[in-house]
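The structure appears right after this line, and notes come after that.
Worth knowing before you read on, the calculation uses all heavy atoms, side chains too, and leaves out hydrogens, waters and symmetry mates.
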Amino acid sequence: MISVEDWALIRRLVKDGVPQRQVARDLGIARETVAAAVRSERPPKYERPVAPTSFSPFEARVRVLLAEHPSMPATVIAERVEWSGSITWFRENVSRLRPEHRPVDPADRLSWAAGDAAQCDLWFPPRKIPLEDGSSVLLPVLVIVPAHSRFVLGKMIPTRKTEDLLLGSWDLIQQLGAVPRRLIWDNEPGIGQKGRLAQGVAAFAGTLATKVVQLRPYDPESKGIVERRNGWMETSFMPGRSFTSPAHFNTQLADWLEKANARVVRTIKARPIDLIDHDRSRMLPLPPVPLQLGWRERVRLGRDYYVRLDASDYSVDPAVIGRMVDVSADLERVRVRLEGRIVADHARVWARGSTVTDPAHVETAKRLRELFQQPRAIAAADDLTRDLADYDRAFGISGVA
């Protein structure tokens, strides 16, 4: 077989008008070989003739198993067909056959209209954040990216529960200054699963006049923009940084995002900061009334004058022990009200199992306890002496000796 260089030279010489016989004589190649090279549209390629291998007797049974179970591991298939040879050689042959039986899931290229959608996700930075009690934990960061402009918004939140997810979403939407027409989520439990929204999410979407879209399983392309931003923050924002608290993390993240949104995005060849105004102009306006979000509960205050919120306890004015109080909390504060009057106001702690006490509540409890323990004053009793004639008259025996 001739080389690719000889094949190219033969075709060039013949095209230039050199007779095939002379080309064969000058290159020392048979005339039939020259004629075959002229007729061929592709360069010569050596192909080993197909010959039976040690895998050939097992191939039919392997195909049957792959047709039923395309993802069955090669080691399991080897056991089922009683293969006793090299497992590496067996794996190579199974890998060759598997694509023929595995269903194909094509990914379309998506285009995002201005104002139409924002992709939402939780990113867990690979570093523990110090909390109030001295412990350190991994905390979620809520990330929202309007798909048209690629403008990134992010904020660390205490938990991935529905209350905190909605509070964080509202905070970032307020920073954006408008409401995307669709909020795209995967099956995050705090938002909803299997096509059903978590309690409170439908009301949140209705108040904003937006739509919460839950992606089907195995559909990463529909949320790829925010996923790539998560990876970008992990490799560009996190290295070389240290954090003393969640607030310190959020301050550094906000400063970094200001610079990050001013960089050119390769896929759209533009800076998000230059596109966000157009994106925002096609979104919905913010609702005219404030949203009622966060943690809300109505409880009867017990003798220990503490209420529990997200596994932490907060003190309340002991003067309202035994009465129904309303507990509410956002990402920053925990407040307790009695008939609209605030009877407790604390900074929210992120450390689970914490006890937050207001010294004024302790003093009030001490004073009330002292009053309770004092003996009650008894009013002086009147003279209980009674004339015995009164009893005679009562029983109708007056005049009896």
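Annotation: side chain of Asn230 is not in contact with side chain of Glu234 (no heavy-atom distance under 4.5 Å). For the pair Asp255/Lys259, no side-chain contact is recorded, criterion being any heavy-atom separation below 4.5 Å from C-beta on. When side chains are defined from C-beta on, Arg298 counts as touching Met324, because their heavy atoms get closer than 4.5 Å. Residues Tyr305 and Val362 are in side-chain contact: their nearest non-hydrogen atoms beyond the backbone lie under 4.5 Å apart. Side-chain atoms of Val62 and Leu97, non-hydrogen and from C-beta on, do get closer than 4.5 Å to each other. Side-chain atoms of Leu253 and Met233, non-hydrogen and from C-beta on, do get closer than 4.5 Å to each other. With a 4.5 Å cut-off on side-chain heavy atoms, Ser169 and Leu142 count as touching. The shortest distance between side-chain heavy atoms of Leu66 and Ile77 falls below 4.5 Å.
At distances below 3.5 Å, not a single donor-acceptor pair connects side-chain atoms of Thr159 with backbone N or O atoms of Asp164. One N or O on the side chain of His148 and one on the backbone of Trp112 form a donor-acceptor pair closer than 3.5 Å. Remark: the backbone N or O of Val349 is not paired with any side-chain donor or acceptor of Glu132 at under 3.5 angstrom. No donor-acceptor distance shorter than 3.5 angstrom exists from the side chain of Ser40 to the backbone of Ala36, with no hydrogens or angles considered. Remark: the backbone N or O of Lys194 is paired with a side-chain donor or acceptor of Asn187 at under 3.5 angstrom. Looking at Gln252, its side chain does come within 3.5 Å of a backbone N or O of Ser242 through a donor-acceptor pair. A donor-acceptor pair is defined here as one N or O able to donate and one able to accept, closer than 3.5 Å; such a pair exists between the side chain of Arg11 and the backbone of Val38. Side chain of Arg337 to main chain of Ile342: no donor-acceptor pair is present (N/O by atom type, distance under 3.5 Å, no hydrogens or angles). Of the possible donor and acceptor atoms, one in the side chain of Asn261 sits under 3.5 Å from a partner among the backbone N and O of Leu257. Of the possible donor and acceptor atoms, one in the side chain of Asp279 sits under 3.5 Å from a partner among the backbone N and O of Ser149.
Atom CD of Glu332 has 12 or fewer heavy atoms from other residues, nucleotides or ligands within 6.0 Å. Around the CZ atom of Arg31, the shell of radius 6.0 Å holds no more than 12 heavy atoms that belong to other residues, nucleotides or ligands. A 6.0 Å sphere centred on CD of Glu258 holds no more than 12 heavy atoms belonging to other residues, nucleotides or ligands. More than 12 heavy atoms of other shown residues, nucleotides or ligands fall within 6.0 angstrom of atom CZ in Arg98. No more than 12 heavy atoms of other residues, nucleotides or ligands shown are found within 6.0 angstrom of CZ on Arg282.
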Check: Going through the checks in order, is the side-chain contact (heavy atoms from CB on, under 4.5 Å) test met by Lys155 and Leu331?
Finding: CA-CA 11 Å; Lys155 183 182 182 71; Leu331 297 176; 3.7 Å; yes
Notebook entry, point to check: Can you list the steps and then say if Lys15 with Arg12 is a side-chain contact (heavy atoms from CB on, under 4.5 Å)?
Noted result: CA-CA 5 Å; Lys15 190 173 182 180; Arg12 182 176 63 80; 5.7 Å; no
Next item on the list: Start with the C-alpha gap between Phe249 and Phe237, add the side-chain angles, then the distance that decides, and say whether ring-ring contact (aromatic ring centres under 6.0 Å, His included) holds.
Entry: CA-CA 11 Å; Phe249 179 96; Phe237 169 68; 5.6 Å; yes
Margin query: Please determine whether side-chain contact (heavy atoms from CB on, under 4.5 Å) holds for the pair Phe204 and Leu165, giving the CA-CA distance in whole Å, both sets of side-chain angles, and the decisive distance to 0.1 Å.
Written below: CA-CA 11 Å; Phe204 173 77; Leu165 287 175; over 6 Å; no
Check: For Leu166 and Glu163, what are the C-alpha separation, side-chain angles and deciding distance, and is it a side-chain contact (heavy atoms from CB on, under 4.5 Å)?
Finding: CA-CA 5 Å; Leu166 297 184; Glu163 293 85 354; over 6 Å; no
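With hydrogens and angles left out, the side-chain atoms of Trp295 and Ser328 include no donor and acceptor closer than 3.5 Å.
Note that CD1 of Ile268 is 5.0 Å distant from CZ of Arg150, once rounded to the nearest 0.5 Å. In this structure, CD1 in Ile87 is found 10.0 Å from CD in Glu79, a value given to the nearest 0.5 Å. In this structure, the separation between OG on Ser3 and CG on Leu9 is 9.0 Å, given to the nearest 0.5 Å. The structure places OG1 of Thr33 at 11.0 Å from CD of Gln20, a figure rounded to the nearest 0.5 Å. Between the OG atom of Ser245 and the CE atom of Met156 there is a distance of 9.5 Å, given to the nearest 0.5 Å. Here the CG atom belonging to Leu183 is positioned 8.5 Å from the CD1 atom belonging to Ile191, to the nearest 0.5 angstrom.
Note on residues 173-182: pairs passing salt bridge (charged side-chain N to carboxylate O under 4.0 Å, His left out), not counting sequence neighbours, are Asp116-Arg182.
Contact check on Arg308 versus Glu297 returns no salt bridge, with no Lys/Arg side-chain nitrogen under 4.0 Å from an Asp/Glu carboxylate oxygen. At a threshold of 4.0 Å, the pair Glu59-Arg63 counts as salt-bridged, since one of the basic side-chain nitrogens sits closer than that to a carboxylate oxygen. A salt bridge links Asp310 to Lys161: one of the charged nitrogens lies within less than 4.0 Å of a carboxylate oxygen.
Ring centroids of Phe58 and Trp83 are separated by less than 6.0 Å, placing the two rings close together. Centroid-to-centroid, the aromatic rings of Tyr306 and Tyr314 stay 6.0 Å apart or farther.
Across Val212 and Ala205, no two heavy atoms sit closer than the pair CG2-CB, 3.8 Å. Considering every non-hydrogen atom in both Ser236 and Pro239, the closest pair reads C-CD, 3.9 Å. Of all the heavy atoms in Ala319 and Thr364, the pair that sits closest is N-CG2, 4.5 Å. Looking at every heavy atom in both residues, Leu139 comes nearest to Pro158 through CD2-O, 3.6 Å. Arg352 and Asp133 get closest at one heavy-atom pair: O-OD2, 4.5 Å. When every heavy atom of Pro146 is checked against every heavy atom of Met283, the shortest pair comes out as CB-CE, 3.9 Å.
Ring geometry, Phe243 versus His248: the interplanar angle exceeds 60°, so the pair is classed perpendicular (tilted spans 30 to 60°).
Applying the salt bridge (Lys or Arg N to Asp or Glu O under 4.0 Å) test to Arg296 and every residue at least two apart in sequence or in another chain returns nothing.
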